[in-house]
Protein chains: 2
Amino acid sequence: MDTTQRTDQQRSADRRRRELLEAADRVVLRDGPQASMNAIAAEAGITKPILYRHFGDKGGLYAALATRHTDALLDSLRAALDAPADRRERVESTLDTYLAAIEARPQVYRFLMHPSEGGQGGDHGFDVGKHSAPLLRRMGEELAQVIEERVDLGPGSQQLARVWGHGIVGMMHAAGDWWLGERPCSQAELVRSLADLLWGRLAAAGDRVGGPGF
Amino acid sequence: MDTTQRTDQQRSADRRRRELLEAADRVVLRDGPQASMNAIAAEAGITKPILYRHFGDKGGLYAALATRHTDALLDSLRAALDAPADRRERVESTLDTYLAAIEARPQVYRFLMHPSEGGQGGDHGFDVGKHSAPLLRRMGEELAQVIEERVDLGPGSQQLARVWGHGIVGMMHAAGDWWLGERPCSQAELVRSLADLLWGRLAAAGDRVGGPGF
DNA sequence: CGTACGGTGTTACTAGCGGTAACCGAAGTA
DNA sequence: TACTTCGGTTACCGCTAGTAACACCGTACG
């Protein structure tokens, strides 16, 4: 009977948890990363202690929220990354998927990338702020794995793949962040430029000799 | 007489300002980005309102502090970037300089990269949190300028250079961040791997055909 | 029928943050 | 001596994250 009772309770708890997460989602979508626990509780129609009973602390809630979106984004990226196409096409498709995602919901994206942990809540320290941007790390690791699986890099391939995974993800992230703020070109142009960079066009280009007015 | 008096005052104010900045530096170096205004004031041997008289708000102080280190780092990078050597050498030297800098003072580096602005001080909004990581942006723009000056990219070179500038800086940043946390390899190896990536080794590598157990 | 109990929820609080108003005392000047 | 001005402090505001203590409500058990 203990099990059945616990099942009931857990079901109810899970439903509540999902409701709370959706409320938190709405608030984050509206207020950005600085959404307060009070605001989230109000949006959910309850008060703070309930949030704390469900998620422990703000880091817990943020982690749960981040995991959701992170998983969704990673699924999309995996699909683009594993498609049966040639490498350049896959790379461009992945970049495109990422950019489309961050463009579709910038607030969520900013929340995932810059959780803005102050950790000023007294002496308890902050657990989640330690890993500054879990999404970036996870994307880096996954990309590394795909590279190592599908590209022949010779000796030391694992190390190399990991460096490249994190490097490429960082490139994508920074360029996307900048692009999202300034919109200096179309999405397709950005994708092509980045792919060109990865394809060694920087190394292949010649030195510029005749500067302006020289 | 107004001018002379103001000079005296301004000299004194500048000295104070430098003292305060150095105190703030010490605290940030010790406590990381979540250093509080109280702590900084205490370290400087004064009280909060003086800090606010000098820097306006926390964003102002952080901006002043960041500008200092940012300028120093950018100077080093410019030196490496403008050296009279071939491109690959310059790229490796620049990466090396950056990694050495973030390794030397990780706390300062984390402060510069993740200012963690909550902007929760009432209704006044937050000015500095708007641009999340000014250092990255500045590095991206500077690199873009150097690329555009020295590399012949054909038509659309300015756009391309800017995308590459921000992309490369992001690559460097993400890889450095990951490397600083996990230390999976030596600094020289990291530099070489990243340069290899920029030199198109990803595109040049062949597909892996015989996976493990396949 | 009454009673003790676990779960759900609230109010009211602590401690610390960024930021500010109002006061205080020591200089210089008429 | 009286008045202003500047460096500095105390004491406060409104906000945050997080918590302790209490209240309600259905249910099992004597």
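Because the structure is predicted, anything quoted here is derived from the model rather than measured. First the proteins, then the strands, lettered A, B, ... as listed; each starts at 1.
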Rounded distance (Å) that lies between atom C1' of C:dT8 and atom CZ of A:R17: 17 Å
Residue list, side chain to side chain donor-acceptor pair (under 3.5 Å) with A:R150, at least two apart or on another chain: none
Contacts of type side chain to side chain donor-acceptor pair (under 3.5 Å), residue B:T47, not counting sequence neighbours: none
All salt bridge (Lys or Arg N to Asp or Glu O under 4.0 Å) counterparts of B:R17, not counting sequence neighbours: none
Backbone of A:L202 reached by a side-chain donor or acceptor of B:R87 within 3.5 Å: yes
Distance, rounded to the nearest Å, where B:D57 contributes CG and C:dC17 contributes P: 17 Å
Qualifying residues under salt bridge (Lys or Arg N to Asp or Glu O under 4.0 Å), relative to B:R201, sequence neighbours excluded: B:D196
Qualifying ring pair (Phe, Tyr, Trp, His ring centres under 6.0 Å) pairs with a residue from residues 156-183 of chain A, counting only residues at least two apart or across chains: A:H166-B:W178, A:W178-B:H166
Partners passing salt bridge (Lys or Arg N to Asp or Glu O under 4.0 Å) against B:E19 (at least two apart in sequence or in another chain): B:R16
Residues from residues 36-44 of chain A lying under 4.0 Å of DNA chain C - heavy atoms: none
Distance, rounded to the nearest Å, where A:Y52 contributes OH and C:dT10 contributes P: 15 Å
Non-neighbouring partners of A:R105 that pass side chain to side chain donor-acceptor pair (under 3.5 Å), sequence neighbours left out: none
Angle by which the axis turns from one end of the helix from C:dC1-D:dG30 to C:dA30-D:dT1 to the other, five pairs per end, to 10 degrees: 40°
Listing time: all N or O pairs from protein to nucleotides 8-13 of chain D that are below 3.5 Å?
unit_1	atom_1	unit_2	atom_2	d
D:dG8	OP1	B:R16	NH2	2.6
D:dG8	N7	B:R53	NH2	2.3
D:dG8	O6	B:R53	NH2	3.2
D:dT9	OP2	B:T47	N	3.1
D:dT9	OP2	B:T47	OG1	2.5

Spacing between A:L51 atom CG and D:dT19 atom P, to the nearest angstrom: 13 Å
Residue list, side chain to side chain contact (heavy atoms under 4.5 Å, CB included) with A:T67, at least two apart or on another chain: A:D71
Sequence-distant partners of B:R30, side chain to side chain donor-acceptor pair (under 3.5 Å), two or more places apart: B:E43
Protein-nucleotide distance (A:K58, atom NZ; D:dT19, atom C1'), rounded to Å: 17 Å
